[in-house]
Structure formats: structure tokens, C-alpha cells
Amino acid sequence: TVFKASDIISLHCPLTDSTKHLINADSISSMKKGVMIINTSRGKLINTEDAISALKSRHIGYLGIDVYEQEEKLFFKDLSASIIEDDVIQRLMSFPNVLVTAHQAFFTEEALSQIAIKTLQNIQQLSIGTTVENDPAIML
């Protein structure tokens, strides 16, 4: 129902077995022609090849993403002096109606302050031998 009725679909869900490739050829075919899709959640919610096909046929009118299906190969490194060998992302970025931005929602003064405070608290707890709330061994 959401796919059929919506002009704009914005994804805000975790990546699970049931949400992987939530946006794919089948779901796109049930959407309105010219639909706008925004994904700021997880890259693998969208089957990129299917999205490219729908962009080419103009079934998807606009696509905005700050995540990408193969992002671990691209988004966490400085590739400014490299040739990007991922033809899929290159093709995706060649569309004038596709916007790819950095995934930096955490990059606010408040968030960075809280990260620094929590890090210093953890260091202090480790140095005096007390239980660390965010124990790095547990987080691995």
C-alpha cells in the first residue's frame, strides 16, 4: 500500500534479513512512476542494480542516498587520489536526478561532545579499575 500510494519513500529502518533489498525490481514495479526514494538508513535496503534499471526507465524519478550497497569498499576511505573501480556507483552517480551525500548525521557538536565525554569517562574508569560501562572488549 505504501509503495503504491507514495510520491516520496524515505527509508528509516535497520538492515535485517527481511529488509535486505526492500527496494528491488518487484517493489519498484508497484510504485508510482516518478517516485522519489530517499535512503539514509543502510545501503543494502536498496538493490542498486534494480534501482539503476528503474532510473533508466524513469520509473524512479529521483534517488537520494547517503548509504550504498557496497559502501564498505568506498565510503570509509579517502579515495580522492584513486580510480574508483566500482562501475555500479559510477553509473549511479552519472544520473542528474541522483544525489549521493556523505553519511554524517552524527557529525554535530552535540554528538561529538558526547562521544568525547563518554571516551574520557571510560578511560577514567579503566585507569581506576572499575567496571567500564562501554567496555571495548564487549563491543568487539
Side-chain angles (χ1 to χ4, degrees):
T1 301
V2 170
F3 289 154
K4 290 178 184 175
S6 300
D7 295 314
I8 301 170
I9 298 171
S10 185
L11 303 175
H12 303 274
C13 56
L15 178 63
T16 65
D17 289 340
S18 63
T19 62
K20 183 177 180 186
H21 291 166
L22 178 67
I23 305 300
N24 58 51
D26 288 336
S27 61
I28 293 167
S29 70
S30 68
M31 296 175 192
K32 290 181 176 183
K33 187 170 174 83
V35 65
M36 176 186 288
I37 299 173
I38 307 294
N39 183 12
T40 59
S41 293
R42 297 290 175 250
K44 291 182 177 150
L45 296 177
I46 296 179
N47 180 312
T48 308
E49 295 282 355
D50 291 351
I52 289 171
S53 293
L55 285 160
K56 287 168 57 176
S57 71
R58 293 173 177 72
H59 199 98
I60 294 177
Y62 304 93
L63 178 66
I65 59 173
D66 70 355
V67 290
Y68 170 60
E69 193 170 4
Q70 301 297 325
E71 63 194 20
E72 64 278 354
K73 297 177 184 175
L74 298 173
F75 285 13
F76 306 112
K77 303 173 194 167
D78 178 5
L79 299 174
S80 58
S82 303
I83 295 173
I84 296 176
E85 296 183 20
D86 185 330
D87 293 337
V88 176
I89 191 73
Q90 293 290 61
R91 178 63 174 128
L92 194 59
M93 293 189 321
S94 74
F95 290 93
N97 53 342
V98 172
L99 179 63
V100 179
T101 64
H103 186 70
Q104 296 184 3
F106 77 95
F107 203 59
T108 64
E109 184 176 329
E110 295 82 5
L112 292 176
S113 291
Q114 289 303 309
I115 290 168
I117 289 167
K118 184 53 72 179
T119 300
L120 293 171
Q121 287 173 346
N122 288 347
I123 290 169
Q124 182 182 26
Q125 289 172 335
L126 277 172
S127 69
I128 60 175
T130 61
T131 303
V132 176
E133 185 178 327
N134 294 1
D135 187 334
I138 294 171
M139 296 171 68
L140 292 176

Over all atoms of both residues, closest heavy-atom pair of S41 and C13: OG-N, 3.0 Å
Heavy-atom closest contact (A51 atom, I46 atom, distance): CB-CG2, 3.9 Å
CG-CG distance between L92 and L99, expressed to the nearest 0.5 angstrom: 10.5 Å
Verdict with reasoning, L15 to K20, per side-chain contact (heavy atoms from CB on, under 4.5 Å): CA-CA 6 Å; L15 178 63; K20 183 177 180 186; 3.9 Å; yes
From CG (N122) to OG1 (T130), nearest 0.5 Å: 9.5 Å
Separation between CG of D66 and OG1 of T40, rounded to the nearest 0.5 Å: 5.5 Å
Same apolar cluster (I L V M F W Y, side chains within < 4.5 Å links), I23/M93: yes
Atom pair CD1/CE of I60 and M36 - distance to nearest 0.5 Å: 11.5 Å
Point-to-point distance, once rounded to the nearest 0.5 Å, from CD of E109 to CG of L112: 8.5 Å
Only distances under 3.5 Å count here; give the side-chain donor-acceptor pairs of residues 3-11 to other protein atoms, sequence neighbours excluded, each with its distance to 0.1 Å.
from, atom 1, to, atom 2, distance (Å)
S6, OG, V2, O, 2.7
D7, OD1, K32, NZ, 3.0
S10, OG, H12, NE2, 2.6

Greater than 12 external heavy atoms within 6.0 Å of Q124's CD: no
Flag, side chain of D50 to backbone of S53, donor-acceptor distance under 3.5 Å: no
Same apolar cluster (I L V M F W Y, side chains within < 4.5 Å links), I38/L45: no
Side-chain (T19) to main-chain (P14) donor-acceptor, under 3.5 angstrom: yes
Whether N47 side chain and H21 backbone form a donor-acceptor pair below 3.5 Å: no
Name of the residue among L63, V67, I65 meeting side chain to side chain contact (heavy atoms under 4.5 Å, CB included) with V100: I65
Salt bridge (charged side-chain N to carboxylate O under 4.0 Å, His left out): pairs with one or both residues in residues 90-100, sequence neighbours excluded: none
More than 12 heavy atoms of other groups within 6.0 Å of F95 CZ: yes
Interatomic distance, M31 atom CE to D26 atom CG [nearest 0.5 angstrom]: 10.5 Å
Minimum heavy-atom distance L22-S27, with the two atoms named: O-OG, 2.9 Å
